[in-house]
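One structure below.
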2 protein chains.
Amino acid sequence: MKTYSISEVAKELNLTVYTLRYYDKEGLMPFVERTANGTRLFKESDIEALKVIECLKSTGMPIKEIKNFIDWCADGDSTLQQRYDMFLERKASVEAQIAELQKTMELIEHKCSYYKIALDAGTEDVHKQDKIEILH
Amino acid sequence: MKTYSISEVAKELNLTVYTLRYYDKEGLMPFVERTANGTRLFKESDIEALKVIECLKSTGMPIKEIKNFIDWCADGDSTLQQRYDMFLERKASVEAQIAELQKTMELIEHKCSYYKIALDAGTEDVHKQDKIEILH
DNA sequence: TTAATACCTATAGTTAACTCGAGGTCAAGC
DNA sequence: GCTTGACCTCGAGTTAACTATAGGTATTAA
């Protein structure tokens with residue numbers, strides 16, 4: 001079975017080898033095997049697992065909680081409920097984050113048009129008839 | 001003109017007074033006036049400005065960059081272009097973040113249904129005919 | 001055979017964004 | 001007059017997630 005070195009995996013996942021070793025130290029990669037002298041050998045399935053870890057990280061989940069999930073995976077079927085609940089919770093969290101970003105986007109777009117108008121006029125004074133605001 | 005104390009503003013914006021003082025120390029609130037003995041007096045417009053700061057923060061912008069923007073605001077019309085460009089850049093960044101979260105959401109939803117099926121079956125083995133994966 | 005290169009561990013340092021404690025001022029209420 | 005509570009500054013401490021360094025081993029290339 002084909003295996004990959006830590007630097008190959010780092011390149012593939014756009015991480016540094018430092019980061020991967022850090023994740024390992026934090027217990028996120030207990031499944032990665034080693035050679036007799038200690039060098040990590042990543043399997044294809046390990047890379048897939050790391051992609052799931054990256055996915056969880058991109059939802060803003062802290063590493064310690066991701067470790068809980070990894071531990072549950074090793075515990076087998078008795079933790080199916082926890083894992084299901086975790087993903088439902090992640091789903092709700094991501095939905096909330098998207099909603100928040102969309103709300104943020106409204107203000108940003110308002111600022112874009114505000115500054116477009118000011119720039120075309122050459123001065124912010126063009127907005128003086130708006131309710132007074134110091135910072136737009 | 002009505003003014004607000006730091007704790008009133010903290011409550012309104014869901015921040016702590018520590019955080020507000022920290023922002024001030026970092027130069028995000030040069031416009032907030034003080035009483036003779038040093039107590040901050042927040043105007044309505046200061047609160048509006050802080051909402052813009054919170055908006056920028058929620059786009060992931062670091063405090064030091066937000067400070068640049070605040071400085072530009074104090075510099076007047078000569079910085080209109082920078083401020084416009086900054087908001088265009090924020091807009092692009094937020095769009096990218098939403099797109100990223102939507103991609104994340106796909107995997108999360110896949111995991112939700114994966115675990116729903118496993119949970120109903122009572123075992124993860126129900127997915128054994130899928131391509132072999134260690135971590136789902 | 002030696003020199004470069006990729007790997008390893010352990011440990012220390014960095015950065016951002018808070019968070020808190022000590023020590024002090026000041027206005028209001030008893 | 002004295003206590004309480006909100007405010008202040010300054011500086012130290014915290015936390016997460018890296019990031020880097022030192023010192024060492026093993027494989028490969030000339």
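Side chains included, hydrogens not; waters and symmetry mates left out as well; all remaining heavy atoms used. Labels below follow one simple rule: chain letters A, B, ... track the order of the sequence lines, proteins then strands, and each chain is numbered from 1.
Comparing F42(A) and Y22(B) by the nucleotide of DNA chain C that holds the closest heavy atom to each, the one mapping nearer the 5' end is F42(A). Each of T19(A) and V17(B) has a nearest nucleotide on DNA chain D; the 5'-most of these lies closest to V17(B).
With salt bridges taken as basic N to acidic carboxylate O contacts below 4.0 Å, one links R83(B) and E124(A). A salt bridge is absent between R21(A) and D24(A); no separation between the charged side-chain nitrogens and carboxylate oxygens falls under 4.0 Å. Here E54(A) does not pair with K51(A) in a salt bridge; the nearest charged N to carboxylate O distance is not below 4.0 Å.
Counting non-hydrogen atoms under 4.0 angstrom, K25(B) reaches a base of the nucleic acid. The residue T35(A) sits apart from the nucleic acid: no heavy atom pair falls under 4.0 Å. Using a 4.0 Å heavy-atom cutoff across all strands shown, R21(A) reaches at least one base atom of the nucleic acid.
The side chain of I63(B) lies closest to dC18(C) when the candidates are dT9(C), dT21(D), dC18(C). Side-chain proximity of I6(B) to dC8(D), dC20(C), dC8(C): nearest is dC8(D). Picking from dC8(D), dA6(D), dC8(C) the nucleotide with the shortest atom distance to the side chain of R40(B) gives dC8(D). Considering only side-chain atoms of S7(A), the nucleotide from dA17(D), dC7(D), dA6(C) that sits closest is dA6(C). Between dC18(C), dA17(D), dT27(D), one nucleotide has an atom nearer to the side chain of N37(A) than all others, and that is dT27(D).
Remark: K25(B) fails to qualify as a cation-pi partner of Y22(B) under the 6.0 Å distance and 45° angle criteria applied to the six-membered ring.
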